[in-house]
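Right, one structure below, let's go through it.
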Number of protein chains: 2
Amino acid sequence: MFYLNCIDFYTIVMQNKLDTQEKIVQSATELFLEKGYDRTSVREIASKAKINVSLMNYYFRSKEILFETIINLLIGKASGALKDVLNSDLGLNEKIRQYICKYIDMLISNPLLISFILAVLNRNPEKLTKLKVADNLYNTDNFAKQLEEEYEKGKIRKVNPEQFYINMLSLIAFPFAFKHLINKKNNFSQKEFNEFIKERKEIIYNMLICYLKP
Amino acid sequence: MFYLNCIDFYTIVMQNKLDTQEKIVQSATELFLEKGYDRTSVREIASKAKINVSLMNYYFRSKEILFETIINLLIGKASGALKDVLNSDLGLNEKIRQYICKYIDMLISNPLLISFILAVLNRNPEKLTKLKVADNLYNTDNFAKQLEEEYEKGKIRKVNPEQFYINMLSLIAFPFAFKHLINKKNNFSQKEFNEFIKERKEIIYNMLICYLKP
DNA sequence: ATTTGTTTTAAACAAGTGTTTAAAATAATT
DNA sequence: AATTATTTTAAACACTTGTTTAAAACAAAT
């Protein structure tokens with residue numbers, strides 16, 4: 001038998017509290033990513049987190065709110081570094097190169113993210129636009145200005161910045177959404193798919209730069 | 001009071017039979033496209049088709065089978081013309097031009113198709129690979145051979161055909177999956193989105209051709 | 001006109017859904 | 001040590017889900 005001081009007590013309690021809450025978030029995140037909102041039941045979340053069903057409603061008020069919390073967490077984690085690159089003062093070519101590279105690396109680490117976002121986006125359009133998702137995931141103001149400037153300096157051809165950014169995003173993200181068919185068609189393992197994707201870093205960069213030439 | 005001959009009788013009966021069956025397919029198709037499999041209940045389908053719930057199980061044995069039927073119908077309709085272009089004996093540039101054009105026109109007519117397919121693909125990977133979908137939607141054997149030949153003739157640079165096809169597909173299809181965010185970000189109406197997409201025909205063509213130059 | 005076959009109906013079934021309740025267990029405060 | 005507050009639990013609630021059943025309505029064949 002032994003005693004703990006106040007700080008230890010506090011630590012342990014907070015630890016436990018965060019534990020349950022975080023266990024819920026973590027289990028729910030995995031399930032939502034794998035199976036989507038509809039195919040994931042609260043009982044499944046509870047069972048995976050090894051907690052009672054009602055605790056989900058105790059910490060988050062509803063399944064819906066838990067879901068929105070998780071969306072924001074996922075998007076927040078994913079978009080941070082990417083926004084930094086896009087708003088940095090790097091030269092255009094280097095910025096594009098880094099953006100492609102970081103975006104692809106991020107998606108390799110979170111291979112289910114794109115499908116998840118697209119699913120939410122098309123099932124609950126209002127949700128992703130209402131939440132701070134639009135700004136985080138698709139904000140090109142700074143980048144557009146840079147494209148304008150480079151054009152006026154005569155360094156690149158004239159492009160529609162909106163179209164150009166969508167091109168870049170399409171080339172980066174779409175293969176992840178289409179992953180299952182790509183793997184099936186080419187008999188790719190998970191590892192081979194990642195290799196296929198990594199090859200794309202240079203391909204995408206070359207395509208975009210080549211297109212920008214005046 | 002009047003009598004009908006045999007053929008008229010047959011016609012009317014068949015007409016009615018097809019009517020109920022087709023009413024189910026049509027209503028279910030709209031709902032599945034709009035809301036997906038999970039968020040669409042059989043009672044909603046029945047109500048929209050103005051039939052009794054059990055008729056869905058009478059004509060199709062289950063919701064699942066009805067869904068698979070509809071997937072095949074949608075993919076079949078969509079992929080026909082596209083496969084023809086890809087397997088035609090057109091020159092490379094013209095083939096690419098026509099493929100982009102027809103694909104985009106098809107997606108403008110079926111704006112929900114891409115999201116629908118991606119949703120199925122990621123929720124039930126085995127379904128889209130089991131069904132004849134993979135072959136219909138993503139068959140590049142012929143196209144790959146053509147890219148090889150053009151390279152050997154020295155007319156284009158060396159490219160990985162698989163990567164090149166995925167690039168083309170990404171540029172064509174992704175904006176439709178991302179539609180809601182694009183519209184929100186740019187304050188596009190439906191019409192303006194279609195204009196934005198139509199602009200892409202030339203952009204995508206130029207990007208691909210530019211990249212192919214030796 | 002009666003039998004046979006097909007299509008449609010209303011009702012029920014069994015299982016699963018998210019959420020709430022009220023009591024129990026545990027921790028914190030006085 | 002007794003009281004208050006927080007966290008956890010089991011059970012129930014109200015509702016929706018896809019599917020089945022068995023009878024009714026209807027048409028076709030004998």
Side-chain angles (χ1 to χ4, degrees), chain A residues 1-28 31-32 35-71 123-124 127, chain B residues 1-25 27-29 31-32 35-71 123-124 127:
Chain A
M1 203 182 220
F2 61 98
Y3 298 93
L4 300 167
N5 65 31
C6 278
I7 290 170
D8 287 339
F9 259 129
Y10 181 79
T11 308
I12 282 173
V13 169
M14 286 284 83
Q15 186 64 33
N16 282 340
K17 179 169 180 179
L18 284 181
D19 260 12
T20 25
Q21 204 162 327
E22 224 164 63
K23 260 157 53 187
I24 296 174
V25 169
Q26 200 170 314
S27 304
L31 288 168
F32 285 149
K35 329 202 316 170
Y37 181 81
D38 296 306
R39 291 177 120 86
T40 302
S41 75
V42 291
R43 281 169 180 83
E44 208 177 352
I45 297 172
S47 139
K48 180 158 195 166
K50 285 170 190 160
I51 52 131
N52 190 284
V53 216
S54 2
L55 280 180
M56 194 235 89
N57 289 81
Y58 178 75
Y59 283 104
F60 308 86
R61 292 212 318 287
S62 68
K63 185 190 177 189
E64 194 75 15
I65 294 175
L66 171 58
F67 188 57
E68 289 177 5
T69 308
I70 286 174
I71 293 177
R123 298 281 160 263
N124 302 81
K127 185 158 288 171
Chain B
M1 203 181 218
F2 61 98
Y3 297 94
L4 299 167
N5 65 33
C6 278
I7 291 169
D8 286 338
F9 259 130
Y10 182 78
T11 310
I12 282 173
V13 169
M14 286 284 84
Q15 185 64 33
N16 282 340
K17 179 169 179 179
L18 283 182
D19 260 11
T20 25
Q21 204 162 327
E22 225 164 62
K23 261 157 52 188
I24 296 173
V25 169
S27 303
T29 302
L31 288 167
F32 284 149
K35 329 204 312 170
Y37 181 83
D38 295 306
R39 290 177 121 84
T40 302
S41 75
V42 292
R43 279 170 181 81
E44 209 176 352
I45 297 171
S47 140
K48 179 159 195 164
K50 284 169 190 160
I51 51 132
N52 190 284
V53 216
S54 0
L55 280 181
M56 193 236 88
N57 289 79
Y58 178 75
Y59 283 104
F60 308 87
R61 291 210 319 286
S62 68
K63 185 190 177 188
E64 194 76 15
I65 293 176
L66 170 59
F67 188 58
E68 289 177 4
T69 308
I70 286 174
I71 292 177
R123 298 280 161 263
N124 303 82
K127 185 158 289 171

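Every chain is numbered from 1, with letters handed out A, B, ... down the list of sequences.
- As a whole-Å value, the separation of A/Glu22 CD from D/dT7 C1' is 17 Å.
- One N or O on the side chain of A/Lys63 and one on the backbone of A/Tyr37 form a donor-acceptor pair closer than 3.5 Å.
- Between A/Ile51 atom CD1 and D/dT8 atom P the separation is 9 Å, expressed in whole Å.
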task = Decide yes or no on side chain to side chain contact (heavy atoms under 4.5 Å, CB included) for B/Phe60 and B/Val25, but give the supporting numbers first.
result = CA-CA 10 Å; B/Phe60 308 87; B/Val25 169; 3.5 Å; yes
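- In this structure, B/Tyr59 reaches the C/dT8 phosphate: one of its side-chain N or O atoms is under 4.0 Å from OP1 or OP2.
- Atom C1' of nucleotide D/dT8 and atom CG of A/Asp19 are separated by 15 Å, given to the nearest angstrom.
- Remark: P of D/dT19 and CZ of B/Phe60 are 13 Å apart, rounded to the nearest angstrom.
- Put simply, CG on A/Leu31 is 12 Å from P on C/dT17, counting in whole angstrom units.
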task = Might you work through the side chain to side chain contact (heavy atoms under 4.5 Å, CB included) test for A/Glu68 and A/Asn124, ending with a clear yes or no?
result = CA-CA 11 Å; A/Glu68 289 177 5; A/Asn124 302 81; over 6 Å; no
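- Here the rule is side chain to side chain contact (heavy atoms under 4.5 Å, CB included) with A/Ser27, and of A/Lys50, A/Lys48, A/Met56 only A/Lys48 fits it.
- Rounded to an integer number of Å, the gap from CE of A/Met56 to C1' of C/dG18 is 8 Å.
- Of all the heavy atoms in A/Ile24 and A/Leu55, the pair that sits closest is CD1-O, 3.9 Å.
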Sort me out a list of protein N/O and nucleotides 11-17 of chain D N/O pairs below 3.5 Å, or just none if empty.
none

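- Atom OH of A/Tyr59 and atom CD1 of A/Ile51 lie 9.0 Å apart (nearest 0.5 Å).
- Here the P atom of nucleotide D/dT9 and the CG atom of A/Asn57 are 14 Å apart, to the nearest Å.
- Atom pair B/Leu55:CG and C/dA10:P shows a separation of 10 Å (rounding to whole Å applied).
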